[in-house]
Amino acid sequence: MSSIIQPGAIVPPSQEAPFVRLADRKHVFRRRAERLLDLADGHPLEPFLMFLGALARAQQDALDSLEHSNPVSPRPDTSGAGGAAVFPVQGWTRAPLWRDLLGSILDSVESAAPAATRQAIDRLRSMDDGELEDMAQRILDGDNEALDPAAAPLVASALQVYWTHLAGHADPGHLGEKRFSKVCPVCGSAPVSSMVRVGGVEQKLRYLHCSLCESDWHLERLTCSNCESTTSLQFMGIEGGSEAVKAEACGECRSYLKILYMDRDLDVDPVADDIATLALDLLMAEEGYERSGPNLLFVPGEEVADTN
Ligand SMILES: [Zn+2]
Ligand SMILES: [Zn+2]
């Protein structure tokens, strides 16, 4: 079955368009790695983006290694009843497995890492389980104050793999309630960005993308993803920058989140393109807007140009 969508029409999700889309676990991080390498070419942050490409490849390898393992025990209620997150970042007991994933990611990226990151890898290897768990919780709590900005993205990358694996055990047909949600119906995290999709029943539909578990959930276009206001949204970009990435800024709550357009660039990635447009974040800060969701691979204030 297919539906005919008129050009320019903004359609609510029909029965066929899912409210929640789970990650394509075979390809999600591999595609991100390829995108990061493409974006890196000639970019002012080229070395940083190249390293993140290596990190994304390591994430895919780590996720692939879990193909036949089931860390979900006992199996939780995956019905999403009442709109509650199925694998909530607050309250979910993380399996020690995520620390094994971190170890394999650190081994994979060490040779590609700039000096400051190699030192961060050493610091992480010297931490005991309790210290790593504390750091993980601070990341999941969005508590950036006391975070080690070079080490936190590495820990976050392992948490992303772990939660993407968990999310694969959810039943997308029963996730969330089809109404406004500013957090992910699978894990309760804030979105990293949103994306207007192309193709099939999702044509021109906008989905928010989870900063942690790589799930998408639907939100009507022209609606603030933070406060649901529809009255004073502006779309801002960098002059001469990509037309496929804009900041959707809300005059009501003074927040913004980037919105990506697949019809302008089919290869946009919700994490990679967000990082590659840090200049837009600087502009939005100057304009007095605050970002409503994190990119876990970048702690604001981190020195990204250090490639020694
Ligand atoms: Zn999520
Ligand atoms: Zn708002």
Side-chain angles (χ1 to χ4, degrees), residues 18-25 28-29 32 59 63 71-72 76-80 83-92 94 98 101 136-137 139-142 156-177 179-195 206-236 246-259 269-271 274 284-285 287-297:
F19 180 68
V20 175
R21 307 171 72 255
L22 297 178
D24 172 1
R25 63 173 289 150
V28 56
F29 295 112
R32 179 161 307 150
Q59 285 182 292
L63 184 59
V72 187
D77 174 11
T78 55
S79 68
V86 180
F87 302 107
V89 286
Q90 304 299 337
W92 180 257
R94 295 182 290 277
W98 84 266
L101 298 173
Q137 199 55 52
I139 291 167
L140 298 174
D141 289 345
S157 76
L159 294 169
Q160 286 177 330
V161 172
Y162 175 64
W163 248 279
T164 300
H165 183 54
L166 285 179
H169 294 79
D171 176 356
H174 294 92
L175 276 172
E177 297 185 340
R179 56 179 164 79
F180 175 79
S181 176
K182 62 192 282 182
V183 295
C184 172
V186 178
C187 76
S189 296
V192 58
S193 62
S194 76
M195 189 141 89
R206 185 263 286 273
Y207 285 82
L208 299 173
H209 188 85
C210 181
S211 54
L212 182 68
C213 78
E214 307 290 341
S215 303
D216 297 321
W217 68 105
H218 178 259
L219 176 64
E220 295 277 348
R221 290 170 72 174
L222 303 175
T223 303
C224 172
S225 58
N226 185 52
C227 76
E228 209 181 355
S229 170
T230 57
T231 56
S232 55
L233 290 169
Q234 281 192 76
F235 295 85
M236 300 160 88
K246 297 290 179 189
E248 186 179 53
C250 174
E252 288 289 318
C253 68
R254 302 298 292 178
S255 80
Y256 75 96
L257 197 69
K258 289 181 198 155
I259 180 166
D269 176 86
V271 172
D274 177 48
M284 298 309 290
E287 297 286 329
Y289 290 94
E290 193 169 334
R291 228 182 117 110
S292 61
N295 189 317
L296 298 181
L297 300 187

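Counting starts at 1 for both ligands and their atoms, in listed order.
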**Prompt:** At the Zn ion (ligand 1), what's the angle from Cys213 SG to Cys210 SG, rounded to 10 degrees?
**Reply:**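 That angle works out to 110° after rounding to 10°.
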
**Item:** SG (Cys184) - the Zn ion (ligand 1) - SG (Cys187) angle, nearest 10°
**Value:**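 Computed angle, vertex at the Zn ion (ligand 1), rounded to 10 degrees: 120°.
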
**Asked** Rounded to 10°, how big is the angle at the Zn ion (ligand 2) from Cys227 SG to Cys250 SG?
**Response**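 Seen from the Zn ion (ligand 2), SG and SG are separated by roughly 110°.
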
**Request:** Report the angle formed at the Zn ion (ligand 2) by atom SG of Cys224 and atom SG of Cys253, rounding to the nearest 10°.
**Result:**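 Seen from the Zn ion (ligand 2), SG and SG are separated by roughly 110°.
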
What I want to find out is whether [X] reaches [Y] closely enough, with some N-O distance under 4.0 Å, to be called a salt bridge.
X	Y	value
Asp274	Arg291	yes
Glu248	Arg206	yes
Glu228	Arg179	no

**Message:** Strictly distance-based, threshold 3.5 Å: is any side-chain N or O of Thr230 a donor or acceptor partner for the main-chain N or O of Thr223?
**Reply:**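 No; zero donor-acceptor contacts below 3.5 Å.
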
